[in-house]
Amino acid sequence: MTPTDTTAGSGVYEVPEELRDFRDLVRRLAQEQIAPRAAEIDEKGEYPWDVRELLASHDILGLPFPSEYGGTGTGTLMQQIAVEEIAKACASSALILMVQELGTLPIQLFGSDELKERLLPKCASGEWSPAFALSEPEAGSDPAAMRTTAVEDGDEWVLNGSKNWITNSTIADFYVVFAVTDRENRRITAFVVEKDRPGFSIANLEHKLGIKGSPTGSPVFEDVRVPESNVIGEVGRGLSVALGTLERTRLGAAAQAVGIAQGATDYAVQYAKERVAFGKPIIDLQGIQFKLADMATRTAAARELLYTACAKIDRGDPDKAQYSSMAKLFASDTAMDVTVEGVQVLGGYGYVKEYPLERMMRDAKITQIYEGTNEIQRVVIARSLSR
Ligand SMILES: Cc1cc2nc3c(=O)[nH]c(=O)nc-3n(C[C@H](O)[C@H](O)[C@H](O)COP(=O)(O)OP(=O)(O)OC[C@H]3O[C@@H](n4cnc5c(N)ncnc54)[C@H](O)[C@@H]3O)c2cc1C
C-alpha cells in the first residue's frame with residue numbers, strides 16, 4: 001500500500017499492483033487449498049502443519065518482516081489483507097500468520113540487532129514460529145498484575161511462573177515472555193525463552209469453542225535460565241514492549257474478523273440463491289435480502305476502518321492506537337453479528353457441522369476477546385477522546 005492521505009476523503013487507499021497480485025495469490029491459495037481443509041481442521045482440532053508449509057512456501061509467512069530480515073517488506077496493510085483472505089477460508093489457519101507477527105513484533109520494535117539477526121530470518125522463512133506469552137491465570141486485561149518473575153543471576157535471568165491462553169503453545173520454537181523483574185515498583189521485562197530451555201514446559205492445552213486448529217496452552221517456567229542477550233528492550237520496560245506490540249497486532253484480530261464476516265456473507269448469499277421456500281429462492285424474500293444487505297454493509301464498513309487503521313500504523317499517525325482499537329472493536333462485533341445472522345439465513349442447515357456457518361460463528365467469538373477484549377478497546381478509545 002502507498003500510505004497516501006487517509007484523511008482526504010475518497011480514493012484514500014491505493015493498493016499498488018504488486019500487492020494486488022499478492023492478495024490474489026493468497027486468495028487463490030486460501031480458496032483452493034485452505035478452504036477445503038477448514039472443516040477437518042476444526043473437527044480434529046489439530047494444528048494444520050500442511051497449511052503452514054503452504055504459507056511458508058509462497059513467502060506469506062514473510063509478510064510481517066522487513067526485507068533486511070528475509071521478509072517481504074510490504075507493510076501492515078498487506079499483512080492484514082493476507083490475514084483477511086486466509087480467515088475467509090479458515091480462521092484457525094489465519095492465526096498462523098497472525099502469531100508470526102505477534103510473537104516477533106516485540107523483537108522487531110524493541111530487540112537488539114543480535115536478537116533480530118538470530119530469530120527473525122528463520123521466522124520470515126517460516127522455518128520457526130514464535131509465541132507471545134503475556135496473559136496469566138490471574139492477569140489478562142490487567143497484565144501489570146502478572147506473577148511470573150525473573151531474577152538476575154550473574155549474566156543470566158531465572159524465570160519462574162506460568163502463563164495462560166498462549167497461542168502456538170507446543171508449536172512455537174521460542175516464546176516472548178513477560179515477567180516481573182522489580183516487585184516493589186511492579187516493573188516488567190520481556191524475554192525470549194527458547195522451547196528447549198530446561199525447566200520450560202506446557203502444562204495443558206485448552207478445549208475451545210472455536211479456532212480449534214490453533215493450540216492454546218499454559219507455558220510453565222521452573223527456574224528457566226536465559227542469557228542477558230535474551231532480554232528484549234530495556235529491563236523494566238516490558239509493559240511498553242507489550243502495549244507497543246498489541247497496538248499494531250490487534251489489527252490482525254480485526255482482519256481475521258473481517259475475513260470471517262466476508263466468508264459468512266459470501267456463503268449465505270450463495271445459499272440464499274439456491275434454497276427454495278414457498279416456491280422461490282429465499283434470496284427473493286425481503287426479510288432475507290435485508291439480512292444479507294446488512295451483513296455486506298457492515299463487513300465493508302469494517303474493512304474500510306481496518307485499512308484506514310493500517311495506513312495510520314504504517315505512517316505513524318498520532319491517532320494510530322485509537323484507530324487500531326476502533327478497527328478491532330468494530331470488526332470483531334461485526335464478525336459476531338454477521339455470523340449469527342448467517343446462521344439464521346441457513347435456517348437448520350446453519351446449525352449443523354455439514355455447513356460452515358456454525359464454525360464461522362464459533363470462530364468469530366474469539367475476535368471480541370483476544371488482543372485485548374472489546375471492553376478494553378473501548379477504554380483505550382475513550383481515553384484517546386478525553387486527552
Ligand atoms: C483462544 C485464546 C488465545 C489467546 N492467545 C493469547 C496469546 O497468544 N498471548 C497472550 O498473552 N494472551 C492470549 N490470550 C489471552 C487473552 O488476551 C485474554 O483472555 C484477554 O486479554 C482477557 O483476559 P482474561 O481472559 O483474563 O479476562 P479478564 O481480564 O478477567 O476479563 C473478564 C471480563 O472483564 C472485562 N474487563 C476487564 N477489565 C475491564 C475494564 N477495565 N473495563 C471494562 N471491562 C473490563 C473483560 O473485558 C472481560 O469481559 C488468548 C485467549 C484466548 C481465549
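Order of listing sets the numbers, starting from 1, for every ligand and every atom in it.
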Under 4.0 Å from ligand 1, counting heavy atoms only, is it the side chain of Thr216, its backbone, both or neither?
-> side chain
Look at atom 40 (C) of ligand 1 and say which protein heavy atom is nearest, naming residue and atom and giving the distance to 0.1 Å.
-> Ile376 CD1, 3.9 Å
For atom 45 (C) of ligand 1, the protein heavy atom that lies nearest, with its residue and separation | Glu375 CB, 4.1 Å
Give the residue, atom name and distance (to 0.1 Å) of the protein heavy atom nearest atom 3 (C) of ligand 1.
-> Thr167 OG1, 3.4 Å
Positive for side-chain hydrogen bond (donor to acceptor under 3.5 Å, both in side chains) with Ser332, one of Thr367, Thr373, Asn374 | Asn374
Ile369 neighbourhood, listing ligand 1 atoms whose heavy-atom distance to it stays under 4.0 Å = 20 (C)
Do Met146 and Val177 share a hydrophobic cluster, counting only Ile, Leu, Val, Met, Phe, Trp and Tyr and linking them when any side-chain heavy atoms are less than 4.5 Å apart?
-> no
Region of Leu134 engaging ligand 1 - heavy atom pairs below 4.0 Å = both
Checking Arg28, Arg23, Arg27, Arg20 against Glu85 for salt bridge (Lys or Arg N to Asp or Glu O under 4.0 Å), the one that qualifies is Arg27
Do you reckon Phe65 sits in the same ILVMFWY cluster as Val83, going by side-chain contacts under 4.5 Å, direct or chained?
-> no
Residue, atom and distance of the protein heavy atom nearest atom 13 (C) of ligand 1 read Trp165 O, 3.0 Å
Considering only protein heavy atoms, which is closest to atom 9 (N) of ligand 1, and at what distance to one decimal place?
-> Phe132 O, 2.7 Å
Under-4.0 Å salt bridge between Arg298 and Glu341 = no
Side chains of Lys273 and Pro281: closer than 4.5 Å at any heavy-atom pair?
-> no
Contact partition for Ile211 relative to ligand 1, non-hydrogen atoms under 4.0 Å | side chain
Parallel, tilted or perpendicular: ring planes of Phe200 versus Phe221, cut at 30 and 60 degrees | tilted
Taking the six-membered ring for Trp and the full ring for Phe, Tyr or His, determine whether the centres of Phe191 and Tyr175 are under 6.0 Å apart.
-> no
Output the list of atoms in ligand 1 that are nearer than 4.0 Å to some heavy atom of Lys208, sorted by atom number.
-> 1 (C)
Gln377, Lys328, Gln368 screened by side-chain hydrogen bond (donor to acceptor under 3.5 Å, both in side chains) with Asp333, the one that passes = Gln368
Option of least heavy-atom distance to atom 28 (P) of ligand 1 (set: Gly140, Pro215, Ser141) | Ser141
Is any NZ, NE, NH1 or NH2 atom of the basic residue among Glu84 and Lys88 found under 4.0 Å from an Asp or Glu carboxylate oxygen of the other?
-> no
Does the protein place any heavy atom closer than 4.0 Å to atom 17 (O) of ligand 1?
-> yes
Contact check: Tyr370 vs ligand 1, nitrogen or oxygen atoms, below 3.5 angstrom = no
Under 4.0 Å between a Lys/Arg side-chain N and an Asp/Glu carboxylate O for Asp182 and Arg187?
-> no
Atom CD of Gln256 and atom CD1 of Ile211: how far apart are they, to the nearest 0.5 Å?
-> 6.5 Å
Heavy atoms only: which of Ile366, Leu209, Asn164, Asn374 is nearest to atom 52 (C) of ligand 1?
-> Ile366
Output yes when the distance from some N or O of ligand 1 to some N or O of Asp142 is under 3.5 Å, and no in every other case.
-> no
Within-cut-off N or O pair, Thr373 and ligand 1, under 3.5 Å = yes
Is the closest protein non-hydrogen atom to atom 23 (O) of ligand 1 under 4.0 Å?
-> yes
Under-4.0 Å protein heavy-atom contact, atom 33 (C) of ligand 1 = no
The closest protein heavy-atom partner of atom 10 (C) of ligand 1 is Ser135 OG, 3.4 Å
Could you tell me whether Val379 and ligand 1 have an N or O pair separated by under 3.5 Å?
-> no
